[in-house]
Visitor: 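Here it is, the structure in full.
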Amino acid sequence: QVQLVESGGGLVQTGDSLRLSCVASGGPFNNHVMGWFRQAPGQERQFVAVINWNYGLTNYADSVRGRSTISKDTAKNTLYLQMNNLKPEDTAVYYCAAREGHHLDPRVAFYDYWGQGTQVTVSS
């Protein structure tokens, strides 16, 4: 059973940077994609970024492209999301997600495994 545990959220100011981590267990993950999603109060969960665990290919939402980098440490089974130049509209609970496959799918319904989330709050 795949388990995902996020960490690294917090309260930051506009323009600050933050790195989120997601430790995965229950692998191996050679044939998985892993992604980051976020959900603000009253809104649907939305795609942020995804990476192919084996090949390292990535895809980003337009809202974060150029400000964020998704990466992985295969030896540590850890997924990261580096976010720079944070804005108040980035405030949300950030979730790590995974599923078997290679397609860099941005759809929430595509993913089988989810973490519990970590809160990111950006003050103006």
Side-chain angles (χ1 to χ4, degrees):
Q1 180 75 8
V2 174
Q3 292 188 325
L4 305 171
V5 180
E6 304 97 332
S7 63
L11 174 63
V12 297
Q13 296 184 335
T14 297
D16 284 352
S17 297
L18 204 60
R19 189 177 79 159
L20 306 182
S21 300
C22 172
V23 178
S25 59
F29 301 104
N30 290 351
N31 295 317
H32 285 69
V33 290
M34 290 196 182
W36 288 99
F37 291 77
R38 66 187 182 186
Q39 188 166 18
Q43 297 186 20
E44 294 185 351
R45 194 167 298 188
Q46 62 178 211
F47 168 71
V48 175
V50 61
I51 188 167
N52 178 293
W53 197 260
N54 197 27
Y55 299 108
L57 300 176
T58 59
N59 188 23
Y60 294 90
D62 289 342
S63 58
V64 303
R65 184 175 287 115
R67 299 189 295 124
S68 298
T69 302
I70 188 171
S71 63
K72 59 182 177 68
D73 185 327
T74 303
K76 296 181 180 179
N77 278 349
T78 301
L79 179 72
Y80 301 101
L81 181 68
Q82 175 70 41
M83 299 188 293
N84 301 321
N85 191 22
L86 283 161
K87 305 174 182 180
E89 50 264 43
D90 294 318
T91 294
V93 177
Y94 283 71
Y95 296 91
C96 174
R99 79 155 282 167
E100 195 168 351
H102 298 287
H103 185 51
L104 300 176
D105 202 300
R107 295 172 296 173
V108 171
F110 180 80
Y111 293 83
D112 296 321
Y113 306 103
W114 293 86
Q116 82 290 348
T118 186
Q119 176 71 47
V120 172
T121 303
V122 184
S123 63
S124 57

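The basis for the numbers below is simple: all heavy atoms, side chains too, and nothing from hydrogens, waters or symmetry mates.
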Visitor: Tabulate below the donor-acceptor pairs under 3.5 Å that side-chain atoms of residues 12-26 make, not counting sequence neighbours, or state none.
Guide:
unit_1 : atom_1 : unit_2 : atom_2 : d
T14    : OG1    : S123   : O      : 2.8
D16    : OD2    : Q13    : N      : 3.0
S17    : OG     : N84    : OD1    : 3.0

Visitor: Check the orientation of Y55 and H102. Use parallel for under 30°, tilted for 30 to 60°, and perpendicular for over 60°.
Guide: tilted
Visitor: Can you name the closest pair of heavy atoms from Q119 and A92 and give their distance?
Guide: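 In this case the closest contact between Q119 and A92 is NE2-O, 3.5 Å.
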Visitor: More than 12 heavy atoms of other residues, nucleotides or ligands under 6.0 Å from CD of E89: yes or no?
Guide: yes
Visitor: Could you walk me through whether M83 and V120 pass the side-chain contact (heavy atoms from CB on, under 4.5 Å) check?
Guide: CA-CA 11 Å; M83 299 188 293; V120 172; 4.2 Å; yes
Visitor: Could you state whether L81 and V93 fall into the same hydrophobic cluster, counting links through intermediate Ile, Leu, Val, Met, Phe, Trp or Tyr residues with side-chain heavy atoms under 4.5 angstrom apart?
Guide: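 In one cluster with L81: V93, no.
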Visitor: When rounded to the nearest 0.5 angstrom, what distance separates CD in Q39 from CD in Q46?
Guide: 9.0 Å
Visitor: Between F47 and M34, is there a shared hydrophobic cluster once you connect ILVMFWY residues whose side-chain heavy atoms come closer than 4.5 Å?
Guide: no
Visitor: Among N31, V33, V2, whose side-chain contact (heavy atoms from CB on, under 4.5 Å) with R99 holds?
Guide: V33
Visitor: With rounding to the nearest 0.5 angstrom, report the CG to OG distance, N85 to S68.
Guide: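 Rounded to the nearest 0.5 Å, the CG-OG separation comes out at 9.5 Å.
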Visitor: Atom CG in N59, atom NE2 in H103: separation rounded to 0.5 Å?
Guide: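 Taking CG in N59 and NE2 in H103, the distance rounds to 8.5 Å.
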Visitor: With side-chain contact (heavy atoms from CB on, under 4.5 Å) as the test, pick out the partner of V50 among Y111, F110, F37.
Guide: Y111
Visitor: Side-chain contact test, heavy atoms from C-beta onward, threshold under 4.5 Å: evaluate it for Q1 versus Y113 and give yes or no.
Guide: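 Yes, their side chains come closer than 4.5 Å.
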Visitor: Check for me, please, whether L79 and V48 land in the same ILVMFWY cluster - side-chain distances under 4.5 Å, paths through other members count.
Guide: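 In one cluster with L79: V48, yes.
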Visitor: Using modelled atom types only, decide if a donor and an acceptor are shared between the side chain of T91 and the backbone of V122 within a distance under 3.5 Å.
Guide: yes
Visitor: Let me see the working for N77 and W53 under side-chain contact (heavy atoms from CB on, under 4.5 Å), right down to the final yes or no.
Guide: CA-CA 10 Å; N77 278 349; W53 197 260; 4.2 Å; yes
Visitor: What are the two closest non-hydrogen atoms of I51 and T58, and how far apart are they?
Guide: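 Of all heavy-atom pairs spanning I51 and T58, the closest is CG1-CG2, 3.8 Å.
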Visitor: Show the numbers, then the answer: is there a side-chain contact (heavy atoms from CB on, under 4.5 Å) between W114 and V108?
Guide: CA-CA 10 Å; W114 293 86; V108 171; 3.7 Å; yes
Visitor: Look at the side-chain heavy atoms of Ile, Leu, Val, Met, Phe, Trp and Tyr, link any pair under 4.5 Å apart, and say whether W36 and Y60 land in one connected group.
Guide: yes
Visitor: In Å and rounded to the nearest 0.5 Å, what is the CG to CZ distance from N54 to F29?
Guide: 13.0 Å
Visitor: For the side chain of E6 and the backbone of C96, is there at least one donor-acceptor N/O pair under 3.5 Å apart?
Guide: yes
Visitor: Give the intermediate values and the outcome of salt bridge (charged side-chain N to carboxylate O under 4.0 Å, His left out) for residues D62 and R65.
Guide: CA-CA 5 Å; D62 289 342; R65 184 175 287 115; 2.4 Å; yes
